[in-house]
Protein chains: 2
Amino acid sequence: MKKSALFDALRAGILDLSFPPGSALDEAALCESYGVSRTPLREVLQRLSGEGYVMLEAHRGATVSSMDLPVIRSLIQTAPMIYAAVARLAAENASPAGIKTLKHVQSGFRNADTPTEMAMHNHRFHEAIGAMADSPYLMPSLKRLLIDHTRMSQRFYDARTATERKTIQQASDQHDAMIAAFEEHAPAKAVDLTLDHWALSRDGIERFVMPPPLPLDPTQEIKDAV
Amino acid sequence: MKKSALFDALRAGILDLSFPPGSALDEAALCESYGVSRTPLREVLQRLSGEGYVMLEAHRGATVSSMDLPVIRSLIQTAPMIYAAVARLAAENASPAGIKTLKHVQSGFRNADTPTEMAMHNHRFHEAIGAMADSPYLMPSLKRLLIDHTRMSQRFYDARTATERKTIQQASDQHDAMIAAFEEHAPAKAVDLTLDHWALSRDGIERFVMPPPLPLDPTQEIKDAV
DNA sequence: AGTATCGAGTTTGTATACAAGTTGTATTTC
DNA sequence: GAAATACAACTTGTATACAAACTCGATACT
């Protein structure tokens, strides 16, 4: 069980940006802090690489997958299509068991109180939709998508203004509506809701990519940037 | 380089069905025959598992991913959508370099003389389209799809009748037409051609899933089934 | 006779030692 | 003083030995 704990820890750390995109992962240090030897650690890194969390280059170690501009462009271009396709299948294949886990995850999402926790529950929510869609071929893309989407939405859930809090509430309501659409096997409705949900999320991504401009006073600027 | 050779060998063996779906892969035996120790072999298996070639269960070793009926249903349901999406992006993002490799792979496809070689070149052809589409989020699904599609199309390229040979010729012509559509940045055209191409392939899959009925004589039937 | 339990044998998982490769620094040369 | 090369330190890759888990057959019990 030690190995899976290590896997989950690294995965969570990458998703919540404690391991920043592009940063190098030191084998020795990770072995030390998780108390495993290099063999299982390396197997974990291989798995993480297979799922798109890290990049593995020969003789050069592991680095957290980057999130540069072309990647973000790709995400915005591809995400709605994949989410919509998954939603359609989920509505078609919805099972009582699937709906139940979905409701459970969603209640966890509603009760979350830190931005990171919200982002993680949102991740699980959409992963659960993928599981219900039950398509071994779409799942890999969905998972890949969710990695970057979750990383970018860290800012989304860090609500600072009343407007932002309202937006989050809106996203949560959309989750509920989506569950209802799945439950009544309404693919078209599920797709529409999913696209609305995506549109909402897009704004958060834009805030992540283009943060508010720094103050014009240079000394202030340096202080804020740290 | 030994490790990547091992990876390619296993990958090719799985795609051409020399390792049948569902069969177990013995670590010791593979180490023996490829002359590597278990550590790199296991890393290769991890990678293959990440890409969907094998299933890895704890304390239970690696098995070649199966191709049971639900999976095939999923494939038929999902494939056209993914292929179409990839084709659209490929047409939009087509680059001279991408077109060049596509033409190269296609000439290899035309000159292939065994069913396996044809299936492999077809695999590479569609992988090259995926590369040109340049979407890190669609690629994983495309690759997953191609694994099973290639395994199922082994029968497709094993032409026994004049009709079957004609069908293969038709598929090859479609490849050429698709390249042309990419080259002139015509997404709609590329999508249409891709869907036609898929329709053709579907018949081959049906022949794979539902082989011609066995003779009615029971003794004959048992002999053939072995 | 059927089922449950124990144990030998086999297979998988982990740790560690060693080999090979890469990076960065220092020294030498132009 | 700048550039190139060689060396040293460090990081990654591989082999092997050992530990843990599972399988399957034999024996005992219901």
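Here is how names work: the chains are called A, B, and so on, in the same order as the sequence lines, proteins then strands, and each is numbered from 1.
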Between Tyr157(A) and His121(A), does the ring centroid distance fall short of 6.0 Å? no
Atom-pair distance (NE2 on His59(B); C1' on dT14(C)), nearest Å: 11 Å
Is Arg38(B) near enough to dA15(D) that one of its side-chain N or O atoms lies under 4.0 angstrom from OP1 or OP2? no
Taking atom C1' of dT14(D) as reference, at what distance in whole Å does atom CG of Leu6(B) sit? 13 Å
Rounded to the Å, how far apart are Gln46(A) CD and dT12(D) P? 13 Å
Examine the side chains of Ser172(A) and Gln106(A) and answer whether a donor and an acceptor come within less than 3.5 Å of each other. yes
Calculate the interatomic distance between Arg42(B) atom CZ and dT16(D) atom C1'; express it in whole Å. 14 Å
Here the distance between atom P of dT11(D) and atom CD of Glu32(A), to the nearest Å, is 13 Å
Glu43(B) has an atom CD; how far is it from atom C1' of dA15(D), in whole Å? 13 Å
For Lys2(A) and dA20(D), give me the distance from atom NZ to atom C1', rounded to whole Å. 13 Å
Of Ala58(A) and Gly35(A), whose closest DNA chain C nucleotide lies nearer the 5' terminus? Gly35(A)
Once you apply a heavy-atom cut-off of 4.0 Å, does Ala28(A) come out as touching a base, just sugar-phosphate, or nothing? nothing
Using heavy atoms to find the nearest nucleotide of DNA chain C for Ser37(A) and Ala62(B) separately, return the residue whose nucleotide is more 5′. Ala62(B)
If the test is side chain to side chain contact (heavy atoms under 4.5 Å, CB included), which one of Leu102(A), Val86(A), Leu89(A) qualifies with Met132(A)? Leu102(A)
Between His175(B) and Asn122(B): side-chain donor-acceptor atoms closer than 3.5 Å: yes
Just call it for Arg60(A): base, sugar-phosphate, or nothing, with non-hydrogen atoms closer than 4.0 Å on any strand. sugar-phosphate
Ring centroid separation for Tyr83(B) and His149(B), is it under 6.0 angstrom? yes
Looking at Lys3(A), does any N or O in its side chain come under 4.0 Å of the phosphate oxygens OP1/OP2 on dG13(C)? no
If I take atom CD in residue Glu27(A) and atom C1' in nucleotide dG21(C), what distance separates them, rounded to the nearest angstrom? 13 Å
